[in-house]
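Worksheet: one structure, shown below.
A, B, ... follow the sequence lines: proteins, then strands. Residue 1 opens every chain. As the structure is a computational prediction, the values presented were derived from the model and not from experiment.
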Amino acid sequence: MSTLQIELPDGSTKAVAEDATAYDVALSIGEGLARQSIAARFEGRLVDINAALEESGKLELITQNSPEALEIIRHSCAHLMAQAVKEIYGEDVQVTIGPAIENGFYYDFYSDSKKFSPDDFEAIEKKMTELAKADLPIVRGEMSRADAIEMFREMGEAYKVELIEDLGEETVSVYRQGDFVDLCRGPHLPRTGLLKSFKLTSVAGAYWRGDEKNAMLQRLYATAFQNNKDLKSYLHKLEEARKRDHRKLGRELDLFSFSEEAGAGLVIWHPKGALLRTLIEDFERKEHLRRGYDIVMGPQILKTELWKTSGHYDNYRENMYFTEVDEQSYGIKPMNCLAHMLIYKSKIRSYRDLPQRYFELGTVHRHEKSGVLHGLLRVRGFTQDDAHILCRPDQIDAEVKGVMEFVQDVAGIFGFEYCMELSTRPEKSIGSDADWEQATNALHSALTDSGHAFEINEGDGAFYGPKIDVKLKDALDREWQCATIQCDFTLPERFDLTYVGADGEKHRPVMLHRVILGSIERFVGVLIEHYAGSFPLWISPVQVTVLNVTDNQAEYAQEVYRQLRAAGIRTEIDLRNEKLGYKIREAQVGKIPYMLVIGDREMEETKVTPRFRDGKNLDAMTVLDFISFIEDEVKQYK
RNA sequence: GCUCACAUAGCUCAGACGGUAGAGCACAUCCUUGGUAAGGAUGAGGUCAUCGGUUCAAAUCCGAUUGUGAGCUCCA
């Protein structure tokens, strides 16, 4: 009998029998390793631990603790959940697909009689535990396409039949555990007994194959981990995220609200929220001026004819609001570019004038589908920190780089990591092939030169041009789309924008649309969750609150308050007839950075004792010292 | 927009079977002047989201609308 030469990650080589599996190799190294191994990577592809290797090659064992293990565990757990559901509900439910996803897995079921609800979770989990305890072997099998179609048809699994029919492969693999069979590429765990830590999390509708024209399925979301500790810590993290929910904090901190009377997706900014966004907007104006942008402003409504010129009427009409006055139709702006076009066109431009950088904190309205609205993160009226850069083709690269530097600086100030994506031409789009190619190449090279890692999303661009999206990562590692840079060769053409070149001839400028924070609304929502409501001093709507211990110090406390206000520090005062502990608690719950406790001691020394919201006290200092301390922190964006 | 669920006081929530509502916090008044996360008493607050239907009777059952949530699809 011949032997196989198996190369291990440490470089050593094992000779094993011809019919050996990855498990056999693991066993030859050690029993403990064999017990721990759940799958393997052979010649770069993932295989079952019990699959015969059949040839010589490089083998890497995947143990329960390997990073790749989690995906396999979750995928197998999806099968376990499907098996449990089939055992409980039988023919009433058809299986479809069930992949592992970022934080767990899901399985989509079709049923016209059974409606899943969270009340069913316990029974399903119980059945899953039972099936896991039975420690059923999970066995891979291969069968011909025709046989597989026949088998699933007999089982009444129409969706599986459709999947195989579309698969276009002559042989398909199926996995069996007990009486349950599922079409699957694998790999899977060798036994159900390895699944111990799982939990169903939610149920929701999902379209078959993600297409809204198809049947609505019921998706059961769940998660699984290597051990209970990881499961618990994940559930704890979910709980943390819930506590940070900007909708909850927005109400508690009295930042904003929504009103059924005003309309869905329209933010009502309360004093503290309006102040917060104003501080961010002031920061933006300053930063834009510093970086060579000009501040401009356009109207909220522009004639519908102009939206036809720009192409928005043809491509974006279903998202726009319209209004008619004196038999003249106007479109409420969903984007800010039109007025900026008109500014450019207002006089003859020389190549020496370029780039022109027009910046506007522009409020736009878009009729988003009702189902997508979500707190501040997805609204119908919002303000973009929008700019349009009109430049010569040879300036694109430098301009895109300038924007990327801007993003980097701002992300740093707010403490975000970020990643970037390049999106290319979608199906519904305007502009010539040559324009798209040139624009896409320009963005691609700027990204490459930046040294930043990026991904490419084919067909995900805007209808008028390709784009770079920046995704911020917040304190809980969640990603948020904020900044975007979009290249546009189309609008300058539609508006016939030109500049006079060195040769005295007319040339077409290129346009970059870009936002740094994206929408102020969304950014504030992200900030609330990122900071869990404890904003840094420089953007805290209230920076300091003055608390007197008894009425005795009321007058001195008011004097301190006046001095702080006069110095431009956002200060409140709480002179109410309450105990100090009560006032401190309220300020603490309000997440105010500094409290100044004024008692007899402070009054006698004409000082203040600052208490930071983390509970630490600073030494007593004079009001003037405290003011310069605050000013210094603000300068450092603390 | 679609699927499912939900809508009771400013907030968080109770209100089996249909018989017109209750708690805690917040708010107001009074007592208390208390040094680092909730002092006490009293009081005021709700056409039970809106409209329509069933019923002797609807917060409760049915329908529509509006809004909200979890997803899907789409997006800053």
Check your understanding: A/Tyr582 near the nucleic acid: base, sugar-phosphate alone, or nothing, with a heavy-atom cut-off under 4.0 Å?
Key -> sugar-phosphate
Review point. Any side-chain N or O of A/Tyr221 under 4.0 Å from OP1/OP2 of B/C4?
Key: no
Point to revise | Among B/G35, B/A37, B/C74, the one nearest A/Val372 by side-chain distance | key: B/C74
Practice item. Find the partner of B/C17: check Watson-Crick (N1-N3 plus N6-O4 or O6-N4) and G-U wobble (N1-O2, O6-N3) distances, both under 3.5 Å, and reply none if neither fits. Key: none
Exercise for review: Grab the CG-P distance between A/Leu596 and B/G35 for me, whole Å please.
Suggested key: 19 Å
**Study point:** Pair A/Glu572, A/Thr545: side-chain N/O donor-acceptor within cut-off below 3.5 Å
**Key:** no
Exercise for review: Please tell me which of the listed nucleotides, B/A76, B/A37, B/A70, lies nearest to the side chain of A/Val379?
Suggested key: B/A76
Revision key, fill the gap. Scanning all shown strands, the Watson-Crick or wobble mate of B/C51 with both distances under 3.5 Å is B/G63
Review point. Are A/Phe382 and A/His365 close enough that their ring centres sit under 6.0 Å apart?
Key: no
Practice item. Could you please name the partner base of B/A57, counting Watson-Crick and G-U wobble pairs only when both distances are under 3.5 Å? Key: none
Practice item. Go ahead and name the base partner of B/C2; Watson-Crick or wobble counts if both distances stay under 3.5 Å, otherwise write none. Key: B/G71
Review point. Hey, does A/Gly210 reach any base, or is it just sugar-phosphate, or nothing, if we go heavy atoms under 4.0 Å?
Key: sugar-phosphate
Practice item. Would you mind reading off the distance between A/His374 atom NE2 and B/C72 atom P, rounded to a whole angstrom? Key: 12 Å
**Study point:** Interatomic distance, A/Asp551 CG vs B/C31 P [rounded to whole Å]
**Key:** 12 Å
Point to revise | For B/U12, the Watson-Crick or wobble partner whose two distances fall under 3.5 Å | key: B/A23
Exercise for review: Name the closest nucleotide to the A/Ala264 side chain, picking from B/G34, B/A37, B/U68.
Suggested key: B/U68
Study note, to complete from the structure: Atom CZ of A/Phe109 and atom C1' of B/U3 are separated, to the nearest Å, by 16 Å
Check your understanding: Distance between the C1' atoms of B/C61 and B/U3, in whole angstroms?
Key -> 24 Å
**Study point:** Atom-to-atom span, NZ of A/Lys583 to C1' of B/A37 - whole angstrom
**Key:** 14 Å
Exercise for review: Can you tell me the distance, in whole Å, between the CZ atom of A/Arg585 and the P atom of B/C25?
Suggested key: 11 Å
Check your understanding: Across the strands shown, which category fits A/Asn552 at heavy-atom distances under 4.0 angstrom: base, sugar-phosphate, nothing?
Key -> nothing
Practice item. Please check the phosphate of B/A28 (OP1 and OP2 only) for any side-chain N or O of A/Arg576 closer than 4.0 Å. Key: no
Point to revise | Per A/Ala204 side chain, nearest of listed nucleotides B/G71, B/U36, B/U73 | key: B/G71
Review point. A/Asn548 and A/Lys583: side-chain donor and acceptor closer than 3.5 Å?
Key: yes
Review point. Is there a donor and acceptor pair closer than 3.5 Å between the side chain of A/Arg378 and the base of B/C74?
Key: yes
Exercise for review: Indicate, with a heavy-atom threshold strictly under 4.0 Å, whether A/Lys616 touches base, sugar-phosphate, or nothing.
Suggested key: nothing
Exercise for review: With heavy atoms under 4.0 Å as the rule, sort A/Val597 into base, sugar-phosphate or nothing.
Suggested key: base
**Study point:** Closest non-hydrogen atom pair, A/Lys333 against A/Leu302
**Key:** CB-CD1, 4.2 Å
Check your understanding: Just by distance, do the side chain of A/Arg380 and the backbone of A/Leu266 share a donor-acceptor pair under 3.5 Å?
Key -> no
Practice item. Let me know the distance between CG of A/Leu575 and P of B/G34, rounded to the nearest Å. Key: 17 Å
Review point. From B/G39, B/G35, B/C72, pick the nucleotide closest to the side chain of A/Tyr207?
Key: B/C72
Review point. How would you label the contact of A/Gly371 with the nucleic acid (heavy atoms, under 4.0 Å): base, sugar-phosphate, or nothing?
Key: base
Check your understanding: Can you find a side chain N or O atom of A/Lys467 that sits less than 4.0 Å from OP1 or OP2 on B/A76?
Key -> yes
Point to revise | is_close_aromatic(A/Phe523, A/Phe414), centroid dist under 6.0 Å | key: yes
Check your understanding: Want to settle it: does A/Arg613 or A/Arg380 sit nearer the 5' end of RNA chain B, counting the closest nucleotide to each?
Key -> A/Arg380
Check your understanding: Which part of the nucleic acid does A/Gln553 contact within heavy-atom distance under 4.0 Å: base, sugar-phosphate only, or nothing?
Key -> nothing
Exercise for review: Looking only at side-chain atoms of A/Arg251, point me to the closest of B/G35, B/U12, B/U68.
Suggested key: B/U12
Review point. For the pair made of CD in A/Glu605 and P in B/G35, what is the distance, rounded to whole Å?
Key: 17 Å
Point to revise | Nearest listed nucleotide, side chain of A/Thr550, among B/G34, B/U3, B/C74 | key: B/G34
Review point. Can you find a donor-acceptor N/O pair under 3.5 angstrom joining the side chain of A/Gln218 to the base of B/G71?
Key: no
Practice item. Quote, to the nearest angstrom, the P distance that separates B/A14 from B/U8. Key: 10 Å
**Study point:** Side-chain N or O of A/Arg247 closer than 4.0 Å to phosphate OP1/OP2 of B/U68
**Key:** no
Exercise for review: Check every strand shown and say whether A/Arg219 touches a base, only sugar-phosphate, or nothing at a heavy-atom separation below 4.0 Å.
Suggested key: sugar-phosphate
Check your understanding: Does any donor atom in the side chain of A/Arg219 or A/Ser202 lie under 3.5 Å from an acceptor atom in the other side chain?
Key -> no
Check your understanding: For RNA chain B, whose closest nucleotide is more 5', that of A/Glu260 or that of A/Ser519?
Key -> A/Glu260
Point to revise | Out of B/G39, B/C72, B/A76, whichever nucleotide has its closest atom nearest the side chain of A/Gln486 | key: B/A76
Check your understanding: Taking the C1' atom of each, how far is B/U29 from B/U66, in whole Å?
Key -> 39 Å
Review point. Does B/G45 fall in syn (glycosidic angle within 90° of 0) or anti?
Key: syn
Revision key, fill the gap. Of the listed B/G67, B/U36, B/G1, the closest approach to the A/Lys369 side chain comes from B/G1
Exercise for review: Look at all strands and tell whether A/Asp386 reaches a base, only sugar-phosphate, or nothing, counting heavy atoms closer than 4.0 Å.
Suggested key: nothing
Exercise for review: Sort out the partner of B/A44 for me: Watson-Crick or G-U wobble, both distances under 3.5 Å, none otherwise.
Suggested key: none
Check your understanding: Does A/Ser370 make a side-chain N or O approach to OP1 or OP2 of B/G1 shorter than 4.0 Å?
Key -> yes
Review point. Out of B/A76, B/U68, B/A38, which has the shortest distance to the side chain of A/Arg522?
Key: B/A76
Review point. Taking the same atom, C1', in B/G34 and in B/C48, what whole-Å distance lies between them?
Key: 41 Å
Practice item. Rounded to whole angstrom, note down the C1' distance from B/U47 over to B/A59. Key: 11 Å
Check your understanding: If you draw the axis of the six-membered ring of A/Tyr582, does the NZ or CZ of A/Arg585 fall within 45° of it and under 6.0 Å from the ring centre?
Key -> no
Check your understanding: Which value, in whole Å, describes the distance between the P atoms of nucleotides B/C2 and B/C17?
Key -> 31 Å
Check your understanding: Does the side chain of A/Tyr594 pick up a donor-acceptor pair with the side chain of A/Glu633 at under 3.5 Å?
Key -> yes
**Study point:** Rounded C1' spacing from B/U60 to B/G53 in Å
**Key:** 15 Å
**Study point:** Residue pair A/Trp480 / A/Asp474, side-chain donor-acceptor N/O under 3.5 Å
**Key:** yes
Review point. Looking across every strand, which nucleic acid part, if any, lies under 4.0 Å from A/Gln588 by heavy atom: base, sugar-phosphate, or nothing?
Key: base
